[in-house]
Amino acid sequence: MSSTELPSLLTATASPKASAVRVAPGERLRSVRLPGITLSVRSRPPAREGLPPAVYVHGLGGSSQNWSALMPLVDGLVDSEALDLPGFGDSPPPDDGDYSVTGHARAVIRYLDSAGRGPVHLFGNSLGGAITTRVAALRPDLVRTLTLVSPALPELRVQRTAVPTAMLALPGMSALFTRFTKGWSAEQRVRGVTALCYGDPGRVTEEGFRNAVEEMERRLQLPYMWDALTRSARGIVDAYTLGGQHSLWRQAERVLAPTLLVYGRRDQLVGYRMAQRAARSFRDSRLVSLPDAGHVAMMEYPEAVAAAFRELLADTGKSSGGADQVSVSVPVGSGRRGWDLDADSASAAASAATSASAAASAATSASASTSGSTSASATVSSARAAASSAGSDSAPGDGSSEGGPVGDGGSAGVDGGESVAEEPPKGSPGVGS
């Protein structure tokens, strides 16, 4: 039995509620009951009837609010729904305490099967990228296209700034980090998360920072927060170290859906050098490189990601052979946005303290706003069919080997209450959980 499959310390029925989760203008938040899990689903009313569905999956320490900046920009293209993974955002822990990559993938598949949402345009960031890769490989019938933003695919030589994630997965480290950072204020944690996840922390506005602090305080009230974080981190480590036919890289090679890969050159958590390997592994892929983006490009440069997704939709309607390379300039609009940071490393303050203290703040997400106007140069690569052999970073056994069936059915029950933001609040909404 995997260490991520131990009985949960707190089940969904025993998890108290903290303060209310922020809902951005035009969004709705509802709870969907499925066998063994309850998922919080964030959605926007479709611009018109008949739009294809899109489902978004956040990363470690993040929530559905990580996608609040991007979803409005694709309103005319898709009918958007973002999930809170079990134990994150407003979703309670899973009944069986399974936070492995396979366990999270199973939760996504349960939702898609029960809601009848497939095939969907599937999005994933970081841990969510690993989860959605597994979903696309095992259930191609559920995936129309796959968009991965800094996906957490196995690396043999991880970046130094990502080491605390592995440390957090070690037995007893969660309690150690909790004691070590007990005196840290919410403001300190948010600043650390911002520095870790953003390519340019200066893009965070004062209002966005305040929203992030409020969300940090809300999250710290959840008694299962550290359990969900550490077990999910352990699941990533398992996926990185175990090999076999179920490894994530081998599953990437089996993905049939057209795939958009978005990497930030300033990413401190997922090495940019993995971008080319990913482009070779996914048989029908397009690679977008954002030079100024960090780990959460869909929050830092949502306009650029939306433009790349539009290009993916246009390209999937064409037939092209071989591989081609084009360079484009993707404008990033100005304005102030609020969003939640995905704290996908184990710590928010790696640069401010030791690696152990860094791992502690990774448990949280920050809400942030951007300001100013930027132009991000994006390099787009299209690679179709016959993927070339893996590059120098590949080696046997660097994938995941979490076996067992992932998909299962079940009918979805929707709670009666919904949270709806009828009017935009003043300033940017803090989007974080």
Side-chain angles (χ1 to χ4, degrees), residues 59 122-134 136-137 145-162 165 196-200 236 239-240 247-253 255 257-301 304-305 307-309 311-312 315 322-330 332 342 344-345 376-395 398-400:
L122 192 58
F123 291 71
N125 169 237
S126 196
L127 168 62
I131 293 167
T132 53
T133 294
R134 181 153 290 174
T145 66
L146 181 63
T147 297
L148 304 177
V149 181
S150 294
L153 299 175
E155 300 181 52
L156 287 182
R157 301 192 302 272
V158 298
Q159 298 185 99
R160 179 176 55 84
T161 47
T165 300
L196 188 64
C197 294
Y198 262 69
D200 178 11
I236 297 176
Y240 270 45
S247 75
L248 286 169
W249 283 117
R250 291 193 182 182
Q251 290 184 331
E253 293 171 355
V255 171
T259 302
L260 171 63
L261 302 166
V262 181
Y263 281 81
R265 288 183 179 267
R266 295 186 180 181
D267 195 332
Q268 300 182 64
L269 299 172
V270 171
Y272 177 75
R273 67 178 180 274
M274 303 306 294
Q276 290 296 333
R277 181 179 179 184
R280 292 192 298 267
S281 297
F282 290 91
R283 64 180 68 192
D284 186 5
S285 66
R286 297 110 182 117
L287 173 61
V288 173
S289 171
L290 299 178
D292 297 322
H295 190 58
V296 286
M298 74 285 188
M299 294 187 283
E300 298 176 82
Y301 298 101
V305 177
F309 178 65
E311 290 294 328
L312 172 67
D315 190 46
D324 52 37
Q325 299 257 352
V326 291
S327 294
V328 298
S329 180
V330 182
V332 179
D342 168 9
D344 203 3
S345 154
S377 295
T379 300
V380 182
S381 306
S382 296
R384 298 182 57 87
S388 61
S389 59
S392 58
D393 284 303
S394 62
D398 64 347
S400 159

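Everything quoted here is computed from the prediction, not taken from an experiment.
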Rounded distance [0.5 Å steps], CG in Leu196 versus CG in Leu269: 4.5 Å
Approximate separation, where rounding is to 0.5 Å, of Leu146 CG and Thr259 OG1: 4.5 Å
Backbone N/O of Leu260 and side chain of Arg286: donor-acceptor pair under 3.5 Å: no
Check: Asp267 and Tyr272 side chains under 4.5 Å, non-hydrogen atoms: no
Closest non-hydrogen atom pair, Pro154 against Ala239: CG-O, 3.7 Å
Minimum heavy-atom distance between Thr132 and Phe123, given as atom pair plus value: CG2-O, 3.6 Å
Rounded distance [0.5 Å steps], CD in Gln276 versus CG in Leu261: 10.0 Å
Side-chain donor or acceptor of Tyr263 paired with backbone N/O of Val288 under 3.5 Å: no
Backbone N/O of Ser281 and side chain of Trp249: donor-acceptor pair under 3.5 Å: no
Side chain to side chain contact (heavy atoms under 4.5 Å, CB included) assessment of Asp200 paired with Glu300: CA-CA 8 Å; Asp200 178 11; Glu300 298 176 82; 5.5 Å; no
Nearest non-hydrogen partners of Pro151 and Gly129, listed with the distance: CB-CA, 4.0 Å
Nearest atoms (heavy-atom pairs only) where Leu248 meets Ala130: CD2-O, 3.7 Å
For Ala297 against Leu290, the heavy-atom pair lying closest together: CB-CD1, 3.8 Å
Side-chain heavy-atom pair Val255, Arg283 within 4.5 angstrom cut-off: no
Side-chain heavy atoms of Met298 within contact of Asn125, under 4.5 Å: yes
Heavy-atom donor-acceptor pair, Ser285 side chain to Ala279 backbone, under 3.5 Å: yes
Within-4.5 Å side-chain heavy-atom neighbours: Leu312 and Pro258: yes
Flag side-chain contact, heavy atom, 4.5 Å: Arg134 against Ile131: no
Considering all heavy atoms, the nearest Ser289-Arg265 contact: OG-NE, 3.0 Å
